[in-house]
Amino acid sequence: MSEKLDKLKELQEELSKKVKVVPLSHFPRLVGGADVSYPEPSSALGVIVIYDLKTRKVLEEVFAVEKVSFPYIPGFLSFRETPVLKKAFVRLKNIPEVLMVDGQGILHPRGLGLASHLGLELSIPTIGVAKKPLLGQFEPPEDKPGAFSPIFVQGEIKGAVLRTRKGVKPVYVSPGHLIDLDSALKVVKASLSGYRIPEPLRKAHLLTQRLRRECCDYPGWGHRQQGRGENP
DNA sequence: GCGACAG
DNA sequence: ATCTTGTCGC
């Protein structure tokens, strides 16, 4: 009954070999934020927001709805959320230099968290920013914004616990694809704006929740651009 | 065997 | 993730 997962585990191990952990060549200006909500148990709503680090404003927002085709199983989140996020991604006019994803990167049992899997399929740099730990050994970081401590997995540093705000629970950062931990931390820190969640992801999450209730599904859906209030 | 376990 | 209001504290 669970040989299916064994098959997927092999796939993850195979794909993880293709993940590149390297420093980002240039500091990014356009940072994306990707998140998913569920208007109903059978459908997923994916959102990607493009945030301009220079102007500190949202440049573009896109979303997509897709039937859920996989259950939530810790360690296999990417098979559930990657489809709808890819669908939303192709609707972007502006391609982000790096995409922050709500979930783990290489800090995963088989080195292929949602951020890594998505980055691999999109061939763009991605960063995993999770609100809870999935695995690893670490010490709590100091209660000061920007403070962080490494997360070890079998003696190797795979990510970091980052304090984004004083007196608030930290977030778990790890490289997704085409980026390393140092670059990832720099980007996440530069994307903070006083809240626990970095701005690109926070904006994506807010939109994901707003659209979830605004009843969905009708022609003309899927695209939102700066300035204009609604859909083209 | 038991507990943990991203969203 | 989702079901859900008020309340305590910086």
Side-chain angles (χ1 to χ4, degrees), chain A residues 2 5-6 8-9 12 15-16 19 33-49 63-88 99-121 126-138 143-145 151-154 158-177 181 184 188 194-198 200-216:
Chain A
S2 59
L5 292 185
D6 291 324
L8 291 178
K9 284 183 182 179
Q12 293 181 316
L15 291 174
S16 69
V19 174
D35 191 28
V36 177
S37 69
Y38 298 85
E40 55 185 47
S42 61
S43 56
L45 193 169
V47 164
I48 293 182
V49 163
F63 62 89
V65 177
E66 185 87 334
K67 282 300 179 183
V68 168
S69 59
F70 198 87
Y72 168 66
I73 301 175
F76 299 86
L77 180 64
S78 66
F79 295 106
R80 178 178 171 79
E81 306 195 331
T82 277
V84 70
L85 288 178
K86 285 172 62 180
K87 187 172 179 178
L99 178 64
M100 292 177 48
V101 184
D102 197 338
Q104 313 286 350
I106 62 172
L107 186 50
H108 174 279
R110 291 162 292 285
L112 196 77
L114 174 59
S116 297
H117 196 161
L118 188 59
L120 209 49
E121 304 227 321
T126 56
I127 299 173
V129 179
K131 297 182 290 300
K132 298 177 185 176
L134 177 58
L135 57 81
Q137 278 294 279
F138 57 85
D143 190 21
K144 181 181 180 180
I151 297 179
F152 297 87
V153 174
Q154 298 178 59
K158 295 296 184 182
V161 203
L162 174 68
R163 185 78 63 185
T164 54
R165 193 184 157 171
K166 177 177 171 56
V168 173
K169 291 190 298 182
V171 295
Y172 303 79
V173 179
S174 62
H177 181 49
L181 184 56
V188 173
Y195 297 91
R196 175 162 92 120
I197 305 301
L201 275 182
R202 198 178 77 87
K203 285 312 220 324
H205 184 260
L206 290 175
L207 182 54
T208 218
Q209 294 303 304
R210 184 152 68 75
L211 294 179
R212 177 167 67 78
R213 75 192 68 173
E214 280 182 14
C215 268
C216 19

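All chains are named by letter (A, B, ...) in the order of the sequence lines, taking the proteins before the strands, and each is independently numbered beginning at 1.
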(Q) Just the rounded figure in Å: distance from P of C/dT2 to CZ of A/Arg210. (A)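 One finds 15 Å between P of C/dT2 and CZ of A/Arg210, rounded.
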
Q: Send over the distance from A/Leu211 CG to C/dT2 P, rounded to a whole Å.
A: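 It works out to 12 Å between those atoms.
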
Q.
Once you apply a heavy-atom cut-off of 4.0 Å, does A/His205 come out as touching a base, just sugar-phosphate, or nothing?
A.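 If one applies the 4.0 Å heavy-atom cut-off, A/His205 turns out to touch the sugar-phosphate alone, with no base involved.
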
Q.
By the 4.0 Å heavy-atom rule, please label A/Glu40 as base, sugar-phosphate, or nothing.
A.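 Touches nothing.
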
Any residue meeting side chain to side chain donor-acceptor pair (under 3.5 Å) with [X], in chain and number order, not counting sequence neighbours:
{"X": "A/Arg202", "answer": "A/Glu199"}
{"X": "A/Lys87", "answer": "A/Glu66"}
{"X": "A/Asp102", "answer": "A/Lys131"}
{"X": "A/Gln137", "answer": "none"}

Q. Which range-with-range stems can be found for DNA chain B when each stem has 3 or more Watson-Crick or G-U pairs in a row and both distances sit under 3.5 Å?
A.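 The stems that DNA chain B takes part in number none, since no run reaches 3 pairs.
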
Q.
Dot-bracket for DNA chain C, please. Rules: Watson-Crick or G-U, both distances under 3.5 Å, ( ) within the strand, [ ] when a pair crosses earlier ones, | for another strand, . otherwise.
A. ..........

Within-4.5 Å side-chain heavy-atom neighbours: [X] and [Y]:
{"X": "A/Ser174", "Y": "A/Tyr172", "answer": "no"}
{"X": "A/Ile151", "Y": "A/Leu107", "answer": "yes"}
{"X": "A/His177", "Y": "A/Thr126", "answer": "yes"}

(Q) Applying side chain to side chain contact (heavy atoms under 4.5 Å, CB included), can you list everything that pairs with A/Lys86, at least two apart in sequence or on another chain? (A)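 So A/Lys86 forms a side chain to side chain contact (heavy atoms under 4.5 Å, CB included) with A/Thr82, A/Leu118, A/Glu121, A/Leu122.
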
**Q.** side chain to side chain contact (heavy atoms under 4.5 Å, CB included) partners for A/Ser16, two or more places apart
**A.**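 For A/Ser16 the side chain to side chain contact (heavy atoms under 4.5 Å, CB included) partners, ignoring immediate neighbours, are A/Leu112.
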
Q) Any donor and acceptor pair, going by atom type alone, linking the side chain of A/Ser116 with main-chain N or O of A/Gly176 inside 3.5 Å? A)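 Pair found, side chain donor or acceptor close to backbone of A/Gly176.
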
**Q.** Any pair counted as salt bridge (charged side-chain N to carboxylate O under 4.0 Å, His left out), so long as it reaches residues 37-48 of chain A, sequence neighbours left out
**A.**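 Listed once each, the pairs are A/Glu40-A/Lys67.
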
Throw together a table of side-chain donor-acceptor distances under 3.5 angstrom for residues 70-80 of chain A, partners on residues two or more places apart or in other chains.
unit_1  : atom_1 : unit_2   : atom_2 : d
A/Ser78 : OG     : A/His117 : ND1    : 2.8
A/Arg80 : NE     : A/Tyr38  : OH     : 3.2
A/Arg80 : NH1    : A/Phe70  : O      : 2.8

**Q.** Base versus backbone protein contacts along nucleotides 1-7 of chain B [heavy-atom cut-off under 4.0 Å; B, S, -]
**A.** ----BBB

Q) What string of B, S and - do you get for nucleotides 3-10 of chain C, 5' to 3', when a contact is any protein heavy atom under 4.0 Å? A) S-------

Q: Report, as yes or no, whether the 6.0 Å neighbourhood of atom OH on A/Tyr195 holds more than 12 heavy atoms from other residues, nucleotides or ligands.
A: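 Atom OH in A/Tyr195 is not packed in, count stays at 12 or less.
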
